[in-house]
Amino acid sequence: MDTRYDYQFLEDKIYEKWDKSGFFNPDVCVKKGVARKNAKKFSIVLPPPNVTGNLHIGHAAMLAIEDIMVRYARMNGFKTLWIPGTDHAAIATQAKVESNIYKKEGRTRHDMGREEFLKRVEEFAQESHDNIVRQVKKMGSSVDWSREAYTLDEKRSLAVRTAFKRMYDEGLIYKGARIVNWDPKMQTTVSDDELEYIEEKVPFYYLKFGPFIIGTARPETKFGDKYVVMHPDDKRYAKYRDGEKLEVEWINGPIMATVIKDKAVDMKFGTGVMTITPWHDATDFEIAERRRLDKEQVIDQYGKLLPLAGEFAGLHISKARPLIAEKFKERGLLQKAEENYTHNVAVNQRGGGRIEPQIKEQWFVDVNREFLLKKSKIKGIKSGEKTTLKKMMKAAVKNGQIKILPKRFEKVYFHWIDNLRDWCISRQIWYGHRIPVWYKSNSKTRNQKSKTSKDIYAGVKPPKGGGWEQDPDTLDTWFSSGIWTFSTLGWPKETKDFLEFHPTSVLETGYDILFFWVARMILMSGYLLGEVPFEKVYLHGLVRDAQGRKMSKSLGNTIDPLSMSEMYGADAVRLSLVIGSAPGNDIKISEDKIRGYRNFATKIWNASRFVLLNYSETRTKPKFTADDKKRIAEVKDLKKRVSRYLDKFDFNRAGDSLYHYFWDIFADKAIESFKPRLNSDNQPDRAAAQETVMRMLREQIKMLHPFMPFVTEEIWGLLPGNEGKLLMVEKWK
RNA sequence: GCGUCCUUAGCUCAGCGGCAGAGCACUUCGUUUACACCGAAGGGGUCGUAGGUUCAAAUCCUACAGGACGCACCA
């Protein structure tokens, strides 16, 4: 046994041994007798990393936590399944490849065409995938590679189309012209959750609109405004009646304006009066829908003004704004302008542009439509009962069927559902699941009101016969992620895996994707299966640097898990991400901390070495002393404590207890006190001392395994009687 | 506007009714055959502030201050 634990050399070899053994696969565990056939299942999906590049330290934290859960379950005899996979991440991947190609070759995706571009994306995705797989292995993750999945592979595609078709037939997916978040840069819609808000200071204008003064930060949208809205209870405007018509002087001459009284107006904001632009503002759109008002487009999809704007037509809004303000002033319609008005501008967080709300015909998931849930295993909703997606999502958590840890996120979840609007699922990008809807190409009417059922076909397979053309749009990436817990198990087929492992036991992920993903999984699983996708949700925090800053390339404070693992060993990296952090709280990490746990790995190695060096397999019957018994009892006690913590997902305290017992008690106190007896001439006493120390070590190595799988596996193989045995499937108890 | 979290040793954080804890850093000592990626000893805290509940509060409640964040609004 070497004096130093050589993780650089050993880790890959150990991983290969595990992988070859087949024990990552629960079927093999049953076949080889390490799990009973009728054992309870423990199943979990790996939140599939995006194929946009490399894994970061946050992924490492996720892998560490999940691997602890999985190894603990496996050692406890559960039929344990951890399914790995990657996510095509539609818009994020496409944006990355587009920018790479543009930087290197100066070409856009439109220059290359759909087919060639998609080929390039596939190549990139494949490369990222291979990288990710290497990194997942490096971290020691005991995932079942034989079941690996990709959100865009054949099987998952079938699942996506099936899901779409069922929801479409039920009326839960519809196509409609509604206001969406339009990204003029990437030329696609994005969902509400993909927005990011940037604070911006702009001038704020007060404009004369007939007898009213209206405030606006966006004069460029005002050309089509012909409704003036105020709160029905606003006494200042009591003399105007709802529906009253007034002629007012406006930017391009006199227009007929209509007074609208609506409670959506905030009396305290500005003058309490506003004009509305339903085509380019969500609130205005809602008022217009409610009151059946006209809607007019002012800005085109590239952010340029339409002919309605008169002489400004064709100008980009950013250039037009000051000119338009100037014209208002010239016409005597500008009452005043305030500088430095602060407001938030929505931006596409996936590297896109500034969002311009537009009315567009898109595909939506209707979260408020009633439907009949035929077979329900969701508590609080009976089979055959009518419900809505919203109600269903709420019920699953409210009734405790799904438990979120830490509990405070349940509140956040409910709050989000209360504010949930229909989910826009179509994207005008190329990389992703193409919407499984076809139109008759000879009918040019699909965007018109005259649409009939003959013109449109939705199905899992393309329609027979000629003349059909598929919808050019693709699905939001979260649509395929939403069915991940069961698409990975073979759904829509009722496979053995699906019947055995769904619902999954735990979903472990970062709190930042509670809405994106967790909520949508509950939605999809609820509707398609009448079941929850998982029993528990464990949310970890974001990994930050030692000063608590977010890690980013521009700050230069990123810590790469791979190079850290190479420098200090994967075991050290894992432990440093688990100890000293609580669920849902951000994790701070520094190289110092990792180094500290590398020292612990060395400590384990040396203590084990010492125990082995002093162990002789004598036949002498050991004569245990009271002290020996006390030590053994102590370790038993430790196991009870650690088990209790692990059952509660309290990895911090479990790991911390093990760390301190091993170092402070076992290495510093126990071994020291045993030293004289280990070489004593009194044979039975010597045997007792050796035996006691060995037992203490064995138990601790076992308990440490979920946390530090590599070093413990290596040591385990060196302990007497363990030749050829694998610690990963050793019994915990 | 609605809501959440954080404030504990120099730094990073656990603890969440019952004696103030850890890692790193710091000080002193130690070349004892497991380990200097080590050992022994040690210094360092009004647990953000002010009230309250309680036999007992870092822990529960209220208010305030500072910081981070989520959602909504942003005419």
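Note on naming: letters A, B, ... go to the chains in the order of the sequence lines (proteins, then strands), and numbering restarts at 1 for each one. All figures in this text were calculated on a predicted structure; none of them were measured in a lab.
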For this session: Would you kindly compare F269(A) and V412(A) by the position of their nearest RNA chain B nucleotide and give the one closer to the 5′ end?
Result: V412(A)

Seminar exercise, completed: Ranking C24(B), C74(B), C37(B) by distance to the side chain of N599(A), first place goes to C37(B)

For this session: Determine which nucleotide pairs with A65(B), using a 3.5 Å limit on both distances of a Watson-Crick or G-U wobble pair.
Result: U7(B)

Exercise. Is it true that E410(A) and K407(A) make a salt bridge, defined as a side-chain N closer than 4.0 Å to a carboxylate O?
Worked result: yes

For this session: Round to the nearest Å and state the distance from D664(A) atom CG to A40(B) atom C1'.
Result: 13 Å

For this session: Specify the separation, in whole Å, of atom CZ of F600(A) and atom P of C37(B).
Result: 17 Å

Exercise. Judged by atom type as modelled, is there a donor-acceptor pair below 3.5 Å linking the side chain of R291(A) to the main-chain atoms of K261(A)?
Worked result: yes

Problem set entry | R178(A) charged N/C atom sitting above F364(A) aromatic ring, 6.0 Å / 45° | yes

For this session: Nearest whole angstrom, please: distance from the C1' of C69(B) to the CZ of R408(A).
Result: 10 Å

For this session: May I ask you to say what N585(A) touches in the nucleic acid, namely base, sugar-phosphate or nothing, with a heavy-atom cut-off under 4.0 Å?
Result: sugar-phosphate

Seminar exercise, completed: Atom CG of L542(A) and atom P of U4(B) are separated, to the nearest Å, by 20 Å

For this session: Find the distance D266(A):CG to G1(B):C1' and express it as a whole number of Å.
Result: 9 Å

For this session: Describe the nucleic acid contact of R595(A) in one word from base, sugar-phosphate, nothing, applying a heavy-atom distance below 4.0 Å.
Result: nothing

Exercise. Checking all strands, does G596(A) fall into the base, sugar-phosphate, or nothing category for heavy-atom contacts under 4.0 angstrom?
Worked result: nothing

Exercise. According to the Watson-Crick and G-U wobble definitions, with both distances under 3.5 Å, which nucleotide is paired to G45(B)?
Worked result: none

Exercise. Would you call D628(A)-R631(A) a salt bridge at under 4.0 Å N-O?
Worked result: no

For this session: Select one nucleotide: of C74(B), C2(B), A22(B), the one nearest the side-chain heavy atoms of D656(A).
Result: A22(B)

Problem set entry | Nearest listed nucleotide, side chain of R598(A), among C74(B), C16(B), C37(B) | C37(B)

For this session: Look at S590(A) and C24(B) and indicate whether a side-chain polar atom (N or O) is within less than 4.0 Å of OP1 or OP2.
Result: no

Problem set entry | Nucleotide U4(B), atom P - distance to OH of Y413(A) in whole Å | 19 Å

For this session: Write down the distance between CD1 (I287(A)) and C1' (C74(B)), rounded to a whole number of angstrom.
Result: 14 Å

Exercise. So which heavy atom on M230(A) is nearest to which on Y237(A), and how close?
Worked result: SD-CB, 3.4 Å

For this session: Kindly confirm or rule out a cation-pi arrangement of R698(A) over W716(A), judged by NZ or CZ under 6.0 Å from the six-membered ring centre and within 45° of its axis?
Result: yes

For this session: Describe the nucleic acid contact of S576(A) in one word from base, sugar-phosphate, nothing, applying a heavy-atom distance below 4.0 Å.
Result: nothing

Exercise. How about F600(A) and L575(A): do any of their side-chain heavy atoms sit closer than 4.5 Å?
Worked result: yes

Name the pairs: protein N/O against N/O of nucleotides 33-36 of chain B, kept only if under 3.5 Å.
from: A34(B); atom 1: O2'; to: N606(A); atom 2: OD1; distance (Å): 3.2
from: A34(B); atom 1: O2'; to: R609(A); atom 2: NH1; distance (Å): 3.0
from: A34(B); atom 1: N7; to: K675(A); atom 2: NZ; distance (Å): 3.3
from: A34(B); atom 1: N6; to: A667(A); atom 2: O; distance (Å): 3.1
from: A34(B); atom 1: N6; to: E672(A); atom 2: OE2; distance (Å): 3.1
from: A34(B); atom 1: N3; to: N606(A); atom 2: O; distance (Å): 3.3
from: A34(B); atom 1: N3; to: A607(A); atom 2: N; distance (Å): 3.3
from: C35(B); atom 1: O4'; to: N606(A); atom 2: OD1; distance (Å): 3.4
from: C35(B); atom 1: O4'; to: N606(A); atom 2: ND2; distance (Å): 3.4
from: C35(B); atom 1: O2'; to: N606(A); atom 2: ND2; distance (Å): 3.4
from: C35(B); atom 1: O2; to: K603(A); atom 2: NZ; distance (Å): 2.8
from: C35(B); atom 1: N3; to: K603(A); atom 2: NZ; distance (Å): 2.9

Exercise. Partner of A34(B) by Watson-Crick or G-U wobble geometry, both contacts under 3.5 Å, or none?
Worked result: none

Seminar exercise, completed: Checking G15(B), C2(B), C24(B) against the side chain of R653(A) (C-beta onward), the nearest is G15(B)

Problem set entry | Base partner of C71(B), which must satisfy Watson-Crick or wobble distances under 3.5 Å | G1(B)

Exercise. Reckon Y568(A) touches a base, only the sugar-phosphate, or nothing at all at heavy-atom distances under 4.0 Å?
Worked result: nothing

Problem set entry | Exam field: side chain N652(A) to backbone G580(A), donor-acceptor pair closer than 3.5 Å | yes

Problem set entry | Pairing of R686(A) and D681(A) as salt bridge, 4.0 angstrom limit | no

Problem set entry | K411(A), nearest nucleotide to its side chain (from C74(B), U4(B), G23(B)) | U4(B)

For this session: Determine the Euclidean distance between corresponding C1' atoms of A20(B) and A9(B); express it in Å to zero decimal places.
Result: 10 Å

Exercise. How is N419(A) classified with respect to the nucleic acid when contacts are heavy atoms under 4.0 Å: base, sugar-phosphate, or nothing?
Worked result: sugar-phosphate

Exercise. When you compare C74(B) with C5(B), how far apart are their P atoms, in angstrom units rounded to a whole number?
Worked result: 27 Å

Exercise. Who does U53(B) pair with, Watson-Crick or G-U, both distances under 3.5 Å?
Worked result: none

Exercise. L195(A) has an atom CG; how far is it from atom C1' of C73(B), in whole Å?
Worked result: 14 Å

Exercise. Taking for each residue the nucleotide of RNA chain B with the nearest heavy atom, is it V345(A) or K593(A) whose nucleotide lies nearer the 5' end?
Worked result: K593(A)

Exercise. Quantified in whole Å, what is the P atom distance between nucleotide U33(B) and nucleotide G17(B)?
Worked result: 48 Å

Seminar exercise, completed: Considering only heavy side-chain atoms of A582(A), the closest of A14(B), G23(B), C71(B) is A14(B)

Problem set entry | Complementary nucleotide for C16(B) - Watson-Crick or wobble, under 3.5 Å | none

For this session: Could you tell me whether K603(A) sits above the aromatic face of F662(A), with NZ or CZ closer than 6.0 angstrom to the six-membered ring centre and within 45 degrees of the axis?
Result: no

